[in-house]
Structures are given as C-alpha cells and as structure tokens.
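Structure, as structure tokens:
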Amino acid sequence: MKPDVPKWVIPAFRFPGKWLVLCFFLLYALTLKAQQEKLDYRTTDSLTLKYYLTGEWDSLIRVGKASGLDYYWLNARMGYAWYAKGKYGRALRYFKKALINNDADPFSLEFYAYSSMSLGFSEQTSAAIGSIIQSNPERLYPLSPYPQSGAGGGFLQSTASSVLNPSEIDKEKNIYGEAALPGSGPYFYGYGSLALSPKLIITPGFSYLKTHNPFRAAKADTLLFSADNNYHETNLHLTMTWVPRLCWTVQSHLRLSGMNYEFSTVSYNPAHNSFSLATNKRKITDYAGGLKLTHYFGDLVISTDASWHSEYDSSFTQAGINLYYYPFSDSRLIYGAGLYATFHNNNAGIAVNQSLSLNLLKNLWLTGAFTLGNIEHKSFADGWITYNADFKISRTTSLSILFNLNQSISASVQWTNLKCKGQRIYYSTFTDTMFQDFAYHKNSLSLSIYWKW
Amino acid sequence: MVKKWFLILVSLTLFVEVTGQQSRLQEAFSQSYKLESAADYKNAVSVLSQVYEENNYYLNLRLGWLSYLAGDQTHAVAYYKKAIKLMPLSIEARLGIAYPLSVLGNWDQIINYYLEILKIDPNHSLTNYRLGSIYYNRGKYDKARVYLEKVVNLYPFDYDSLLLLAWTKLNLGQYGEARALFQTVLLNRPNDESALSGLSKIK
C-alpha cells in the first residue's frame, strides 16, 4: 500500500530513496563548512604555500579567500596567483594589501610594478619602482619580465581654431580661416620589443595616420572657400632602453617619418580686390633622434632629454628637464613640472609646464596641464625680432578598460579627450603687440592588442 | 544580628571565590609552564583558555606567547593587542607582538610597535638594535646607523651591535669608522669571520 505522503512535501522527495540524496547533500554541506572552519592560520599558510610552489593558482585563491586572514605572505601569494592567471587588476589589489603590511619587500613591490605595467598604469609602475630603489638601491632589474609586442588602431578626431586680435577683429576687412589640424581619421600602430639582455631592450615599431582636414576661409561670416585637405603620415621608430641600474634608465630613440599632405592657402589680390584659394601638395621626409635619462629618487622622478629634429626647411634642437612627483602611498595623484628649451637656427624658446593628474575612478584619470609661459625669441634676417609668450590650460580625460583574453594576450580600449585653450602674445620690433586666442580639441578612441612572449 | 551574620557569610563566600579563582589561575599558569617545557604548546593554550578572562593582562600576554609557539599567529597577535590595550605602557607586550608579526611578514606593523617602545623608553637597547637591523636589511643604512649608534654608545663592547654598526658604516662608505668598529669586534671575538670579511673589503 502506498504511504500517505503529506501534500506539502516536495514531489521529488515523496519517495524514501530521495531522502538519501538530501541527506548526502546535507552531509556534504556540513563537511564543506567544517573544512572552512578548519582554515586557521597554520592550515591556510601551509596550504597556500604548497599551492604557490606547485602553481595551483585556483586552489590557492579558493583557500586564501575562505580563510579571511590578512597577513603579508597570504596577500603576496594571492597577488601572485592572480598575476599568473593574467588578472592584473586583482593582483594589484592583493599586492597593495601586502605592501600595507610590509612596504619594503621587493617581491610584492616588483610584482606590483609589473601588474601596474600590464594594466598600463605607468605612474603606479614608476612609484613602485621608486620604492624598490629606496629599499634595494643595489638591486638590478630587467625592464619588464617578458618581451612584449602590441598592435592597435583607432580613430582620431580633432579641431583647432585661432583668432587674431579678438578684441579688435574687423570681420569686414579680415579674412579668417579655420582648419582642423591634424584633422580626423584612422591610425594604426605596431611594435615588438626584444630583450637583448635583461638590461637592454630594443623596440622597433611603426605607425600610420591618415586624416582629413576640412579647411574653410570666410569674410564677414560669409564662407568664401572650403577645401578638403588630406594628410598621410608614416613613422618608423626604433627605441633602445638600457637600465644600467634600477634607479637609472637611458633611452635613445630614432624616428623616420614620411608625410604626404595637401594644404590650402588663401591669397588676396588688392588690384582686383579678390581672393583666391590655392591647394598644394607636399611630400616631406622628417627624421629625429634623441636621448633621455631618467633617475628615480623614491617618489620623485627626474628626467632630462635632448633631441634633434629635422624639418622640411630647417632643423631644431630641444633639451629639457622634467620633474614628477608620484607619491607611492597615494598613487591617485601625480604632479609634474618641467622646463624646456628649444633652439632653432634663428629662434630660441623656453617653456615652463606644470601638470596635475588625479585618479578619479579605477581607470579614469583627469589631467590638468598648465603652461606657465612658453616664451620664444625669433630674430629675422632683416633685423627685426619677435617674442611670443603662450599661456594655455589644457584638460585631459581618459578612460581605459583592459581585457585579459588569456595569459599572454590582452586588449585595451581607450578613450582620450583633450581640450586646450590659450592665448599667444606677440611682441615685435616691427609691428604692434598682438594677441591671438587659440583652442584645440582632440578625441581619440583606440583599440590595442598586446601579446607577451 | 541576622544581618551581621549574613554580611559575614557573603564576605566569606566572596573571599573563598576570589582565592579560589586565584588558585585556579596559579594552577593553570603552573600547568602551562610544564606543558611549554614539554613543547606541548597547544595544550598549554587550552589550559589557560579554560580560565581566560578578557581583562586579565597576564593571561593575554601568556596566551599571546603560547599561541605564537603553537603556530597560531593570528590569535597570538590578537592576545598581544589585548594586552597592550590593558597596559598601554607595556614594553614586553610590544616586544612579544613582534614575534607573530614577523612570522606573518607584517614588518611595517613591527616598526610601529618598536617606535612606540622608543617613545616610552628611548634608550631601550634591544629595540634600538632590532630597529637598526630591520633598516639595515631594508638597505636604509642612514636610518639603521641612528639606532645602532645609540646601542653602541650604551654598550660599547656588545658584539652584535658593534658588528652590525660596522657593516652599516661600510655600506655608507664611512670606511675609517667601519675599520675601527671591525677591529673592536675582533677584540671581542678574535678571528671573527664576519669582521675579517668586512675588513678585507676596506683594504
């Protein structure tokens, strides 16, 4: 006779055999709970050490999480496990926790630096490297634990405008033009680094940019001409990075560029009181080379660089010194100041820059750059001299998201927005003082893929 | 009259209870020493846990030490922290907490506790020496020198402090002072390998 089963019992368990299954699950759950309760310090420490040595990262993470403990070695092992799995964001979090317990341990500092490097957080990387130097001034490190190659591309969109003497502008008499430089268009790049020795890395690379620059000229708000200018730029790069000691980086770079562009000019013929537009095509080969020395003093980074650039009809030399403050204890803030001197054949300039970057959210940085003064001196063959002084404020916002496709391949999407406003003051022995307002706006969206080998 | 007898009875009961608790504590402490000398740290902890009172400094201190020996570093840190809270000027509890913290690798916390000791007793030689050795191992020789010089001034013929200060000076490039210190070490321990090795680097 069928037993009288109450209606509230779940149908699947109306037969006695099913109760065995339920009991089994209950027993399993209790065993699991008992196992978790056993995760005291000794069990956790010995298990995580074992998993760390055998490379069982998933087990290490499971045990570490279940223990709920917080001590240096556990955090360091958890950080390394996530690093080995290619989850650099989580690795960074655990190495940060480890460094709260012991901020001088080179193991966590080193992998904190590598995790930051993998996430593209160059500021945090520098800060961590600075701290390694403080605790281990004699230790030598390779630049990166692995050679890396990368390729990517994106779309650049920019606009620029400038207005001469805005307060005195007489649009009836003046022609004014607007050009988007370098315009909007796609770009591609690729590079591959090769470690010749642990301290010497050579990185060849290329980049290509194709933009379209609409040009328009107007008089008294009446459009006179418009033209579509095109710009192609191909660059070949070669960078050699030598790290003789961890606190020193010596970088030399060579660039060969081929530029092919169309440009438009407006000319005025007073005899006929008429305007004409001419579009020209030009091919330019440009090359540049330079040397950069960086020295890390803990939270302070000083870099000096000198470079030489050819231009289609002249050349110039630039030398500068930059000072950055990356407080390791608060890697959400970076302050930088720099002084640059430029020398042309008949032109010399000096610029003082300051910048402040704040990390608002995980991947969101807000950067404010302020040029205190960019003073240039120009002398001309016929004896007159001009001085220019630029005052500008720019703001950069960038958002980047990194995806780790597997242990060696990762991809990132980055959006950068730059807005700059400024004023240039001209003083000349030949003409009156003039003011020019200028502004530019740049948006770029890029997708990059990195491959570590 | 009844009231008087009642009060006497209550007082006696309390006295018996207090002395009983005291003797239970003494018995538990005594047993814990025996178990500690037999290297049975787990049972030593369990004996004291049976008479545990959260506000008893001595119990917390002893349990901190025994938990450390038993390998239970997280509990050891917790007991020592309670002891420090109960006796805020205790140097011994701060010296004690350094043991489990060092096993856990939490060296920054150790430095903080040692600095607290030096606020209480600036000339505490063991703490000055240990801080000196932590900074030496971190390569911060300038900081190490400050603490080690203090110890060597207090104990001018102490082998460990002399030797560590000599190596610190050597790393700071103060070769003359390093040589003199290594030579003093050799007066304390003739043919000391470390001192001879240090001297060979100066020549």
Side-chain angles (χ1 to χ4, degrees), chain A residues 37-49 52 64 66-80 94-112 129-141 245-247 296-298 328-329, chain B residues 39-43 45-46 49 63-81 97-115 130-145 147 167-168 170-173 201:
Chain A
E37 280 168 357
K38 273 183 200 167
L39 285 175
D40 56 359
Y41 165 73
R42 288 183 83 172
T43 318
T44 307
D45 200 55
S46 61
L47 274 176
T48 53
L49 179 63
Y52 172 73
S67 75
L69 294 172
D70 178 15
Y71 63 94
Y72 175 77
W73 289 112
L74 178 67
N75 288 322
R77 285 172 204 150
M78 290 282 280
Y80 190 82
Y94 278 100
F95 285 127
K96 220 171 199 175
K97 277 173 85 178
L99 290 167
I100 289 169
N101 288 321
N102 186 359
D103 72 356
D105 193 83
F107 173 80
S108 288
L109 276 169
E110 186 177 352
F111 281 93
Y112 180 90
I129 288 173
S131 287
I132 300 169
I133 297 153
Q134 276 187 333
S135 52
N136 293 268
E138 298 303 317
R139 195 162 166 185
L140 293 175
Y141 278 81
R245 291 169 66 148
L246 181 59
C247 51
Y296 299 92
F297 295 95
F328 182 61
S329 51
Chain B
D40 189 357
Y41 308 120
K42 234 175 183 174
N43 277 327
V45 170
S46 111
S49 300
L63 277 166
W65 172 247
L66 289 171
S67 300
Y68 159 68
L69 291 176
D72 188 355
Q73 312 305 347
T74 41
H75 275 97
V77 170
Y79 285 129
Y80 275 123
K81 275 188 178 169
I97 202 170
Y99 293 109
L101 284 176
S102 68
V103 176
L104 296 170
N106 297 353
W107 288 97
D108 283 11
Q109 290 182 24
I110 295 176
I111 290 176
N112 286 336
Y113 282 113
Y114 281 164
L115 291 173
R130 286 186 180 169
L131 266 174
S133 68
I134 290 172
Y135 284 125
Y136 178 86
N137 287 320
R138 288 187 167 195
K140 293 182 177 171
Y141 304 115
D142 257 344
K143 279 190 172 176
R145 183 185 56 81
Y147 296 106
W167 279 106
T168 306
L170 183 73
N171 280 297
L172 284 169
K201 285 183 193 296

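All of these numbers come straight from a predicted model, not from anything done at the bench. We name chains A, B, ... by the order of the sequence lines, and we start the count at 1 in each one.
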Query raised in the report: Where does A:I100 contact chain B at under 4.5 Å (heavy atoms): side chain, backbone, both or neither?
Result: backbone
Query raised in the report: For A:D45, is it the side chain, the backbone, both or neither that has a heavy atom under 4.5 Å from a heavy atom of chain B?
Result: neither
**Report entry** Donor-acceptor pair, side chain of A:N75 and main chain of A:Y94, under 3.5 angstrom
**Finding:** no
Query raised in the report: Can you tell me if B:Y80 uses its side chain to pair, donor with acceptor, with the backbone of B:W65 under 3.5 Å?
Result: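 Indeed, once roles are kept as given, a pair shorter than 3.5 Å links the two residues.
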Report summary line: Heavy-atom nearest pair, B:T168 first then B:R145, reads CG2-N, 3.9 Å
**Report entry** Polar contact flag, side-chain donor to acceptor under 3.5 angstrom, B:N171-B:Y136
**Finding:**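 Note: B:N171 and B:Y136 side chains meet the donor-acceptor criterion.
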Query - B:V103 portion near chain A, given a 4.5 angstrom heavy-atom threshold - result: both
